[in-house]
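We count ligands from 1, going down the list as the structure has it; atoms in each ligand are counted the same way.
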Amino acid sequence: MIQFQAINKVYENGNVVLKDINLTIEEGEITVLIGPSGCGKTTTMKMINRLIKPSKGKITLHGEDISTMNPVTLRRKIGYVIQSIGLFPHMTIAKNVGVVPRLQKWEKQKTEARVDELLKMVNLDPDLYANRFPSELSGGQQQRIGVIRALAADPTVILMDEPFSALDPISREQLQEELIRLQQELKKTIVFVTHDMDEAIKIADTIILMKDGEVIQTGQPEQILRHPANDFVKNFFGAKRMQVNALEAPTVDEVMVENPATAYPSRGLASAMKIMEKRRVDSLLIVDKNNRLQGSVSIYRVLDQYGEETKTVADVMMPVVHIVQSGTSLSVALNIMTEYQLSNLAVVKGDNELIGLITRGSVVSHLAEVYSPPLNGGNVDAEV
Ligand SMILES: Nc1ncnc2c1ncn2[C@@H]1O[C@H](COP(=O)(O)OP(=O)(O)OP(=O)(O)O)[C@@H](O)[C@H]1O
Ligand SMILES: [Mg+2]
């Protein structure tokens with residue numbers, strides 16, 4: 001267990017970076033430090049291996065005051081993984097992974113065996129990878145080496161400062177899953193810094209949310225999502241994720257696409273085509289200048305009449321038979337869509353004013369947002 005007791009950090013320039021931080025980091029858990037840039041996450045983490053010294057307060061590791069420990073011995077007990085990977089470019093993978101065991105004067109054979117074991121743990125074949133140089137590995141593979149290097153001498157504590165943030169979303173997800181899998185076996189005390197709340201929700205046993213040098217809330221992801229301490233926490237984790245009841249009774253307003261592709265009735269057919277092409281949709285809702293819904297046109301209707309240069313959208317549009325009012329529950333809307341085999345459904349308020357469109361994509365996006373962390377930037381195309 002790591003404990004911070006009334007930790008303060010004031011830099012020489014008077015910058016107060018940590019304000020009376022009290023923390024307990026439990027043994028054998030993944031504790032995620034998260035918060036906006038500059039809130040003090042890295043400073044907090046680097047105090048654990050004494051790369052940064054508190055101005056006031058006490059930090060204990062397994063009950064022992066770390067300021068009384070030899071910093072070099074302390075650091076060898078603590079694995080450290082940083083964002084930029086930090087592999088030594090002129091050392092082979094095997095040499096990189098074996099750095100700490102060698103410093104600890106392990107026997108050569110024991111170190112080699114440990115390196116092989118660790119490479120296998122992250123599915124890298126030692127015969128293929130041990131003698132390569134870091135530049136001969138992909139970013140994700142290099143970051144795996146960074147992780148196993150931190151594990152090499154079997155430290156009880158591992159500090160990871162945004163270890164996966166430089167990776168593409170797919171490698172990142174893979175490494176998160178590997179970390180969870182490794183942790184199930186290894187049960188290390190891991191302190192993990194991230195900016196990414198999806199990552200925090202996925203891997204954390206405990207989340208510590210910081211802001212401006214203070215701890216705002218600590219708890220299991222589920223607790224924080226269900227009981228955010230204040231508006232900052234709510235906004236930080238995103239309003240929609242907080243609505244744990246979202247599926248029970250979401251309304252169409254929460255799910256709809258808010259700017260469906262539209263055109264005025266006076267538009268010509270070539271213009272209508274252009275709008276569809278631009279928005280990558282196969283139909284348009286037709287609205288008047290007050291945004292009142294007049295009808296819809298499909299690309300098939302437009303193509304069918306395309307030769308008639310003088311025709312406008314008004315000439316080819318069809319009435320919209322099925323609409324829902326703002327405030328309708330999503331389940332009602334979905335029933336209508338299923339029953340009439342609609343690929344989308346317009347949402348109106350008051351006197352037929354168009355305010356949005358339910359599409360299959362928008363429903364999927366909504367579910368994904370509420371229930372599972374989406375891949376970074378992996379939004380489902382929510383167009384018509
Ligand atoms: N040597 C220093 N002297 C003065 N201020 C510093 C120094 N090092 C860091 N700071 C300040 O301390 C604050 C906290 O920095 P820290 O690196 O802990 O933030 P962070 O939460 O890790 O941010 P990020 O998410 O951007 O990595 C920042 O405002 C930073 O500018
Ligand atoms: Mg940082």
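For ligand 1, the atoms sitting less than 4.0 Å from at least one non-hydrogen atom of E162 are 25 (O), 27 (O), numbered in the order shown with element in parentheses.
Summary of contacts: the protein heavy atom closest to atom 17 (O) of ligand 1 is T42 CB, 3.7 Å. Among all protein heavy atoms, the one lying closest to atom 23 (O) of ligand 1 is G38 N, 2.8 Å. Nearest protein neighbour of atom 1 (N) of ligand 1, counting heavy atoms only, is Y11 CE2, 3.4 Å. Scanning all protein heavy atoms for the shortest distance to atom 26 (O) of ligand 1 gives S37 OG, 2.5 Å. Closest to atom 16 (P) of ligand 1 among all protein heavy atoms lies T43 OG1, 3.5 Å.
Residue-level proximity to ligand 1 for V193 is absent, since no heavy atom of it falls below 4.0 angstrom. With a 4.0 Å heavy-atom cut-off, ligand 1 is reached by no atom of E12. Contacts between V17 and ligand 1 below 4.0 angstrom, taking non-hydrogen atoms only, involve the side chain exclusively. With a heavy-atom cut-off of 4.0 Å, M210 does not touch ligand 1 at all.
Surrounding NZ of K19 are more than 12 heavy atoms belonging to other residues, nucleotides or ligands, all under 6.0 Å away. Atom CZ of R267 sits in a sparse spot, with 12 or fewer heavy atoms from other residues, nucleotides or ligands closer than 6.0 Å.
Between D315 and K311 there is no salt bridge, since no side-chain nitrogen of the basic residue lies less than 4.0 Å from a carboxylate oxygen of the acidic one. Using a cutoff of 4.0 Å between basic side-chain nitrogens and carboxylate oxygens, K46 and D161 are not scored as salt-bridged. Between K202 and E177, at least one side-chain N (NZ, or NE/NH1/NH2) sits under 4.0 Å from a carboxylate O, which counts as a salt bridge.
Inspection of the E162 and H195 side chains reveals an N or O donor paired with an N or O acceptor under 3.5 Å. A side-chain donor-acceptor contact under 3.5 Å links Q141 and Y129. For the residue pair D65 and T60, no side-chain donor N or O sits within less than 3.5 Å of a side-chain acceptor on the partner.
Taking 4.0 Å as the cut-off, M45 does not count as a neighbour of ligand 1 on heavy-atom distance.
Looking at N15 next to ligand 1, an N or O pair under 3.5 Å apart turns up. Residue-to-ligand polar distances keep G35 apart from ligand 1: every N/O pair is separated by 3.5 Å or more. Remark: ligand 1 and K41 share an N or O pair separated by less than 3.5 Å (distance only, no angle test).
A donor-acceptor pair under 3.5 Å links the side-chain atoms of Q294 to the main chain of R292, judged by distance alone.
Residue T42 counts as close to the Mg ion (ligand 2), with an N, O or S atom under 2.8 Å.
Using a 4.0 Å threshold on non-hydrogen atoms, atom 11 (C) of ligand 1 counts as touching the protein.
Nearest heavy atoms, Q142 versus L87: O-CD1, 3.7 Å.
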